Structure formats: structure tokens, C-alpha cells
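Structure, as C-alpha cells:
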Amino acid sequence: MALIATDTYRLSNWLKSEYAPELAFCRAVVTVNDSAQTLATGTVLGKVTATGKYKVCVQTAVDGSQTADAIVMDAVTIPATTDTKVLVLLRGPATVGKNIVLHASHDLDAEKAAIYAALEAKNIQVLDVV
């Protein structure tokens with residue numbers, strides 16, 4: 001069968017609701033400093049304790065970024081070790097789906113549950129999506 005169309009992953013795929021989006025109440029611009037990569041919308045970030053900068057939340061990290069702290073709102077390309085401003089969902093009240101983008105190191109249900117719990121502590125509700 002011939003391919004008719006393709007589409008990209010969108011904000012509406014994972015963000016189900018947020019308080020006052022017209023005021024950007026739940027959003028913030030943060031500084032990301034990580035290896036060169038493209039962050040898809042919905043990518044979970046952790047905050048490095050020593051610098052206050054963000055990077056992809058990796059389960060094996062020991063610098064504070066192993067704890068989920070924010071979710072990327074718009075896809076962005078990060079140059080290697082360069083401070084880059086990124087729009088993120090930082091606080092609630094908000095509702096997201098479990099189809100947020102997790103690093104491959106979060107492959108066990110317990111690890112995923114820890115991510116969801118960290119987000120829910122920030123008043124970001126994580127639900128199954130249909």
C-alpha cells in the first residue's frame with residue numbers, strides 16, 4: 001500500500017489541558033545545556049542541581065537531572081554544550097498523557113512511575129490517553 005501522508009508529533013498529542021494557556025501560567029523559558037540533539041515536543045527534562053540548567057532526564061544520572069522537572073513544549077535542536085533557551089511546561093495545574101517522551105533508560109514500569117510521580121508533585125497530572 002502506498003504511503004499517503006506522514007505527520008510529526010505535536011503538542012496536542014501529549015498535552016491535554018493546562019491552566020490559563022493564554023497567560024502562559026504553567027509555562028516558562030529555561031536554559032538547556034546538553035549534548036547536541038533534537039528535543040521533540042513532550043521530552044521530559046531534569047534540572048541539574050549545581051547549575052540550575054536543564055538536560056534530558058536520564059534515569060542513571062547523578063547530577064539531579066534524573067528527577068523529572070519539565071516537559072519540552074516545542075521541538076528544538078540543541079547545539080553541543082551550548083546554553084539554549086527552551087519553552088517548557090514547568091508547573092500545573094496541567095494534564096498530560098503517558099505518551100510523553102522519556103529517555104530510553106526509563107524502560108521499567110517502576111522508573112516510569114517515578115517520572116509520573118515527580119511530575120504530579122509539580123501539579124502536572126499524568127493520565128493514560130486514548
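Quantities reported herein were computed from a predicted structural model and do not represent experimental measurements. In what follows, every heavy atom counts, from backbone to side chain, and hydrogens, waters and symmetry copies are set aside. In what follows, residues are counted from 1 in the order of the sequence shown.
Rounding to the nearest 0.5 Å places OG of S35 at 9.5 Å from CD1 of I78. If you take OH on Y116 and CD on Q125, they are separated by 13.5 Å, rounding to the nearest 0.5 Å. To the nearest 0.5 angstrom, I124 atom CD1 is 7.0 Å from L90 atom CG. Here the CG atom belonging to L11 is positioned 8.5 Å from the CG atom belonging to N13, to the nearest 0.5 angstrom.
Side-chain contact between L127 and T95 is present, with at least one heavy-atom pair separated by less than 4.5 Å. A 4.5 Å side-chain heavy-atom check between V101 and L39 finds every atom pair outside the cut-off. Residues L15 and M73 are in side-chain contact: their nearest non-hydrogen atoms beyond the backbone lie under 4.5 Å apart. With a 4.5 Å cut-off on side-chain heavy atoms, C26 and L89 count as touching.
Cluster annotation: V56 and V86 are assigned to the same hydrophobic cluster (Ile/Leu/Val/Met/Phe/Trp/Tyr, side-chain heavy-atom contacts under 4.5 Å, transitive). V30 and V48 are not part of a single hydrophobic cluster, where members link through side-chain heavy atoms under 4.5 Å apart. Residues V126 and W14 fall within the same hydrophobic cluster, defined by Ile, Leu, Val, Met, Phe, Trp and Tyr side chains chained together at heavy-atom separations under 4.5 Å. Note on L87 and V76: separate hydrophobic clusters, where clusters join Ile, Leu, Val, Met, Phe, Trp and Tyr whose side-chain heavy atoms are under 4.5 Å apart, directly or indirectly.
S105 is linked by a side chain to side chain donor-acceptor pair (under 3.5 Å) to H103, counting only residues two or more places apart in sequence or in another chain. Scored by the side chain to side chain donor-acceptor pair (under 3.5 Å) test, Y9 finds N99 as partners (sequence neighbours excluded). By the side chain to side chain donor-acceptor pair (under 3.5 Å) test, T51 is found to be paired with no residue, residues two or more places apart in sequence or in another chain being considered. Every residue two or more places apart in sequence or in another chain was checked for a salt bridge (Lys or Arg N to Asp or Glu O under 4.0 Å) with R91, and none qualifies.
The salt bridge (Lys or Arg N to Asp or Glu O under 4.0 Å) pairs that include a residue from residues 78-90 are K53-D83, where partners are two or more places apart or lie in different chains. Residue pairs that meet the side chain to side chain donor-acceptor pair (under 3.5 Å) test with at least one member in residues 70-81, sequence neighbours left out, are T38-T77. Among residue pairs with one or both ends in residues 62-92, none qualify as ring pair (Phe, Tyr, Trp, His ring centres under 6.0 Å); sequence neighbours excluded. The salt bridge (Lys or Arg N to Asp or Glu O under 4.0 Å) analysis of residues 92-116, with sequence neighbours excluded, yields the pairs K98-D128. Screening residues 27-49 for salt bridge (Lys or Arg N to Asp or Glu O under 4.0 Å) gives E18-R27 as the qualifying pairs, with residues at least two apart or on separate chains.
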> Can you check side chain to side chain contact (heavy atoms under 4.5 Å, CB included) on L102 and Q59, steps first, answer last?
Replying inline: CA-CA 10 Å; L102 301 177; Q59 193 267 333; over 6 Å; no
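Other residues sharing a hydrophobic cluster with F25 under the 4.5 Å side-chain heavy-atom criterion for ILVMFWY residues are Y19. Its side chain outside the 4.5 Å cluster rule for every partner, L108 clusters with none of the Ile, Leu, Val, Met, Phe, Trp and Tyr residues.
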Distance-only donor-acceptor hits, side chain of residues 62-72, under 3.5 Å, sequence neighbours excluded:
residue	atom	partner	partner atom	Å
D63	OD1	S65	N	3.0
D63	OD1	S65	OG	2.6
D63	OD2	K55	NZ	3.3
Q66	OE1	G64	N	2.9
D69	OD1	K122	NZ	3.3
D69	OD2	Y54	OH	2.7

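In this structure, T84 contributes its side chain and T82 its backbone to a donor-acceptor pair below 3.5 Å.
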